[in-house]
Amino acid sequence: MSLNSGWTGNPLLKKRFVVLALCATGFFLLLVLRLWYLQIIRADHYRNLAERNRTRYIPIVAPRGGIYDRNGQLLADNRPAFDISVLRQEVDDPEALLNRLSVLLELDVEVLKERWQAGLRGPRFRPVPLARDVERPVLERVMENTVDLPGVLAEVRPVRSFPLGPLAPHLIGYLGEVTEEELRSQSFAHYQPGDFIGKSGLERGLESWLAGQDGERRVEVDVLGKTLRILRTQEPVSGHRVYLTLRADVQEAAQQAFGDRAGAAVVMDVRTGEILAMVSKPDFDPAQFARGLTSKEWQALQNDSRHPLQNKSLRGQYPPGSVFKIVTALAALKAGVATADTRVYCTGASKLGNHTFRCWKWEGHGVTDLKKALKESCDVWFYEVAQQLGIERLAATAREFGLGEELGFLLGGERKGLIPDRQWKRARFNAPWYHGETVIAAIGQGYVLTTPLQLASMMAAVANGGTVYRPQIVRRIENVEGRVVRSFQPQILQRHPVAPAHLKAVHEALWAVVNEPGGTAWQQRLPDLPYAGKTGTAQVARMGAVRRRESEIPYHLRDHALFTAFAPVGNPEIAVAVVVEHGSHGSSAAAPIARAIIARYFKLEQDRVPTPRTALPAPATAAGPPDGTDEVPGAEPPAAAEAAAPFTSTSE
Amino acid sequence: MFDRRLLTHFDWALLLVVLVIAALGVLNLVGVTASWSSSALPYYLKQIAWLGVGLIIVLIICSVDYRRLEHMAFPLYGITLLLLVLVLAVGHTSMGATRWLNLGFIKLQPSELAKVVIIITMACYFTRHDQPLPFSLRELAIPALLLALPTALIMKQPDLGTAMIVLAIGGTMALFAGIGTRTLLFLAATGLAGAGGGWFLLHDYQKQRILTFLNPEGDPLGAGYHIIQSKIAVGSGGFFGKGFMKGSQSQLSFLPERHTDFAFSVFAEEWGFWGCLVLLALFLLIVLWGLRSGRHAADRFGTFLAVGVTAMLFWHIVINLGMVIGLLPVVGVPLPLFSYGGTSMITTMIGVGMLLNVSMRRFKF
């Protein structure tokens with residue numbers, strides 16, 4: 001201080017600093033005295049209060065918005081579910097409590113311990129759920145014993161219920177607990193651990209609309225966790241209502257018609273692109289998800305070789321087989337390499353270079369024109385026409401009908417399928433394109449892959465004369481008060497009008513497939529409603545030259561059965577695409593399903609579902625992925641037989 | 001240009017105490033927010049980032065001689081007044097109060113700036129009006145006006161806490177400059193009368209807070225909730241505390257704003273009386289150290305600057321702690337260096353920077 005040459009030698013100033021320092025210290029002493037009073041003298045009193053006077057925030061889960069079909073039929077609703085949970089801070093002896101609860105809940109104590117451990121990783125003030133969605137007797141049993149079960153409480157939570165049963169489970173989707181990973185992402189910023197969110201389908205895609213706003217209740221509770229009084233309640237706001245384009249009755253008919261076979265079906269309004277039904281089989285019961293799956297059940301669903309969790313309408317890629325002949329026919333007409341009168345003599349095979357391409361009918365179709373080629377699905381006619389058409393023009397027409405590309409389905413998850421051309425093959429295999437491959441592509445084999453959604457959309461465009469709509473699934477979204485907050489309009493993706501004469505020729509031929517004796521789907525005709533269609537069989541594996549009976553072929557090697565249709569013929573309203581995995585024949589496995597759908601759509605009396613001819617083998621033998629259709633037939637003749645119906649042998 | 005003596009005279013002790021308190025604050029924050037599930041960056045990391053920004057500000061302030069501030073005092077004062085008026089005109093409103101100016105990239109809170117600028121302005125005024133005799137009532141008119149303008153504008157926002165702090169800083173500095181006994185008595189009398197009259201000027205929620213403070217049990221679920229819960233937290237801590245992250249009051253989320261204004265009640269619950277004593281001792285050390293810097297400053301401006309900054313820190317500490325332990329009404333004043341929040345951290349570190357600046361240039365050269 002002696003070093004300091006400053007001005008502060010002033011004694012008056014010195015005095016003021018002393019006063020300031022004393023004042024400051026005085027204030028601090030006051031604070032210390034107060035702390036002494038609170039923390040030492042009154043400590044017991046406040047400790048008591050802290051123990052006794054506990055406030056808790058209880059979240060009230062908002063009911064999710066309902067999902068309705070186009071006519072207002074409720075597909076996904078809410079019902080109350082009771083969960084038995086335990087408040088961690090109330091439990092002194094978890095071991096004893098869990099033992100006691102295991103008796104009351106009739107659950108294995110190890111399972112309870114597992115859930116308890118899982119709950120310990122969550123926030124400490126959040127109740128640990130031990131049993132979700134318990135039955136009423138169990139609930140009552142537990143609640144009668146709460147006096148000696150400190151910290152145990154029952155929570156009500158809305159869960160999904162499905163008034164019409166498991167309709168379109170893939171489309172509607174299921175819920176699951178939000179994962180830690182999701183919580184870290186921006187779109188789930190306001191979610192809490194333990195919240196349920198949509199994990200698939202519409203539940204996921206429309207999560208922000210359906211979720212609603214959770215409420216909260218502030219309650220004062222005693223040491224035992226019993227609510228003393230409610231301090232404040234903020235009511236939850238339920239989510240928006242979603243109205244789909246789906247028609248519940250058509251969806252139901254389609255699902256029923258499948259029986260226990262695997263595959264997919266899509267029904268589309270040809271005038272708007274609205275989806276009326278979307279089936280993927282085998283499916284799952286969303287009510288099971290609402291109850292909560294055990295890990296064993298989840299494993300079983302995940303490991304099922306027939307992929308029940310996958311929406312095959314969007315994600316299943318199948319060679320379209322003879323269904324693709326519609327595209328080939330239209331491409332040939334458009335290019336002028338064929339007309340409706342182009343005649344080919346089918347001997348049962350066609351030669352190209354060194355290779356022989358066989359027709360499915362060994363004895364041949366004889367003189368065949370366009371109509372007969374489609375009606376009886378003659379391969380040779382298309383082999384001959386395709387050689388003049390070439391792959392580039394065929395691929396271009398296929399793309400004009402929306403094949404080989406995503407269609408912009410609202411919920412995403414679409415596969416693109418594949419329409420091969422020279423450029424693609426160069427890029428993929430670094431190899432030139434061969435004529436033989438054009439021939440194979442013309443009958444929908446080889447590299448060509450399509451999804452059931454694409455096939456329905458393609459058939460819709462064939463029906464309406466060349467307009468591809470964006471597949472529409474949601475019509476409108478309403479808020480709780482019923483005000484429309486968002487509505488969806490039909491959207492045209494592309495329009496390549498087909499010349500009227502070409503359209504007429506193809507429509508007539510497709511009509512004949514169903515409505516003339518000798519047509520491959522004649523057995524599945526509806527006398528009251530003439531509809532048009534095309535059968536298809538997609539080869540899964542080459543069987544060689546030896547013909548085997550279907551029942552001798554292992555399930556996973558059997559061909560896929562396809563059928564696409566539109567109805568009614570004169571003034572088309574709907575298009576249908578059906579794929580039955582390993583169904584063997586389009587005419588016998590897939591066409592009856594389409595028929596049942598059409599019958600239900602037009603509310604015809606006779607929508608009896610014909611019993612499937614092919615019974616499903618035991619699941620144990622069904623190994624390998626069902627959509628393992630990558631096998632390329634190459635230049636060998638497709639051994640796939642089609643339409644074993646007795647009428648196929650009768651000539652016109 | 002750089003004088004090595006500046007480095008040898010740097011007040012490392014003050015900086016050390018500041019860092020120790022900030023570290024305790026971060027530790028406390030870790031405990032409070034541990035159970036919060038947040039997708040964003042954890043609070044304690046943000047707080048450490050703010051501390052880092054604060055240290056850079058300290059460095060910048062220390063590198064410029066504080067005496068240059070004297071010439072900038074009145075322009076700064078003018079700008080601050082302008083910003084305060086702007087806030088009222090076009091400010092950003094949140095939770096019923098208009099306190100922020102949205103500059104697009106950052107939200108500026110001019111009332112925080114006002115705390116620092118009033119220190120500089122008053123220091124400048126009292127430096128230029130040096131007199132042996134205590135100030136009389138008439139001589140105090142100008143500093144009173146200098147103080148009244150920003151205070152009134154801040155009251156209008158309304159931000160009672162900050163207005164009180166600004167008033168307390170100015171008052172402390174005026175007292176230090178010297179006020180006669182009779183003048184003081186007169187001011188105290190008018191002050192009391194004014195408080196009575198001012199009651200009618202207060203907003204309803206401000207009146208409510210004062211009433212609640214006088215009788216918190218009258219409204220245990222509403223406005224009294226903060227005070228009751230905070231007192232329970234502090235009191236139930238006892239002598240030894242419940243242990244780090246073991247406070248039931250704070251961990252069970254009974255305490256509102258327990259990471260910001262009520263951070264000290266969490267600390268008191270978990271560390272008990274002895275922990276509070278240590279923290280209070282550290283805060284007192286800062287205050288006394290700040291006064292020491294003023295006492296040894298090279299000139300009158302430096303002294304007033306140091307006294308002003310110390311007053312700012314002191315009143316923040318006393319008002320916040322008084323509020324948390326139920327001695328003062330809830331006014332929303334953070335505990336410097338300890339409460340979570342960037343604004344408070346920046347203002348505090350500007351003050352610390354000015355103290356260090358005065359201290360390291362205590363020898364005339």
Side-chain angles (χ1 to χ4, degrees), chain A residues 1 3-8 12-14 16-21 23-25 27-28 30-32 34-51 53-57 89 122-126 180 182-186 188-193 218 220 229 231-232, chain B residues 35-40 132 172 175-178 221 225 228-229 231-239 241 247-249 251-254 268-269 272-273 276-277 280-281 283-284 287-288 291-292 294-300 302-303 307 310-311 314 317-318 321-322 325-327 362-364:
Chain A
M1 257 172 258
L3 271 173
N4 195 335
S5 56
W7 64 291
T8 42
L12 190 65
L13 211 67
K14 210 180 222 164
R16 282 182 196 156
F17 269 114
V18 171
V19 170
L20 275 190
C23 278
T25 314
F27 269 102
F28 271 76
L30 206 63
L31 293 174
V32 170
R34 174 71 175 178
L35 283 170
W36 173 272
Y37 172 77
L38 289 177
Q39 296 190 297
I40 310 288
I41 296 177
R42 304 277 286 163
D44 286 338
H45 168 74
Y46 283 116
R47 232 174 252 141
N48 219 349
L49 279 182
E51 280 303 311
N53 172 32
R54 299 185 180 191
T55 323
R56 217 167 266 141
Y57 294 89
Q89 67 269 19
R124 61 171 64 195
F125 51 83
R126 195 164 179 117
E180 284 178 35
E182 284 163 330
L183 281 171
R184 278 193 288 273
S185 80
Q186 200 52 50
F188 294 101
H190 57 286
Y191 284 77
Q192 296 284 325
R218 196 157 96 185
E220 200 174 281
R229 54 177 167 164
L231 302 182
R232 211 184 58 191
Chain B
S35 62
W36 296 12
S37 49
S38 166
S39 50
T172 309
L175 271 178
F176 182 75
L221 312 179
Y225 186 80
I228 293 174
Q229 293 299 341
K231 269 159 73 177
I232 292 175
V234 174
S236 63
F239 185 83
S248 68
Q249 282 291 103
Q251 296 295 339
L252 293 179
S253 56
F254 295 147
E269 185 185 18
F273 185 66
C276 295
L277 276 189
L280 280 179
F283 274 125
L284 184 60
V287 169
L288 295 181
L291 291 179
R292 185 175 169 274
R295 169 115 170 71
H296 297 282
D299 52 21
R300 191 173 158 88
T303 297
V307 167
T310 308
F314 174 79
I317 296 162
V318 167
L321 294 184
I325 60 182
L327 285 174
R362 60 185 180 271
F363 304 105
K364 264 193 176 151

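Just so it is clear, the values below take in all heavy atoms, side chains as well, and ignore hydrogens, waters and symmetry mates. Residue numbering restarts at 1 for every chain, and letters A, B, ... go by the order of the sequence lines.
At a threshold of 4.5 Å between non-hydrogen side-chain atoms, the residues A:Leu20 and B:Leu175 do not count as touching. Looking only at side-chain heavy atoms (C-beta outward), A:Tyr46 and B:Lys231 come within less than 4.5 Å of each other.
Remark: aromatic rings of A:Phe17 and B:Phe176 are close, center separation under 6.0 Å.
Chain B forms more heavy-atom pairs under 4.5 Å with one residue of A:Val32, A:Leu35, A:Val19, A:Leu30 than with any other, namely A:Leu35. Comparing B:Leu321, B:Leu291, B:Ile317 by heavy-atom pairs within less than 4.5 Å of chain A, the highest count is held by B:Leu291. Among A:Gln39, A:Arg42, A:Arg34, the residue making the largest number of heavy-atom pairs under 4.5 Å with chain B is A:Gln39. Chain A forms more heavy-atom pairs under 4.5 Å with one residue of B:Val287, B:Val307, B:Val234 than with any other, namely B:Val234. When each of B:Thr310, B:Leu284, B:Leu277, B:Leu288 is checked for heavy-atom pairs under 4.5 Å with chain A, B:Leu284 comes out on top.
Contacts between A:Ile40 and chain B at a heavy-atom distance below 4.5 Å involve the side chain alone, from C-beta outward. Both the backbone and the side chain of B:Ala268 come within contact range of chain A, each with at least one heavy atom under 4.5 Å from a heavy atom of that chain.
Using the six-membered ring where Trp is involved, B:Phe273 and A:Trp36 have ring planes that are perpendicular, over 60° apart on the 30 and 60° scheme. Using a 30° and 60° split on the angle between ring planes, A:Phe28 and B:Phe314 fall in the tilted class, from 30° to 60°.
Annotation for A:Ala43 and B:Gly238: closest pair CB-CA, 4.0 Å, computed over non-hydrogen atoms.
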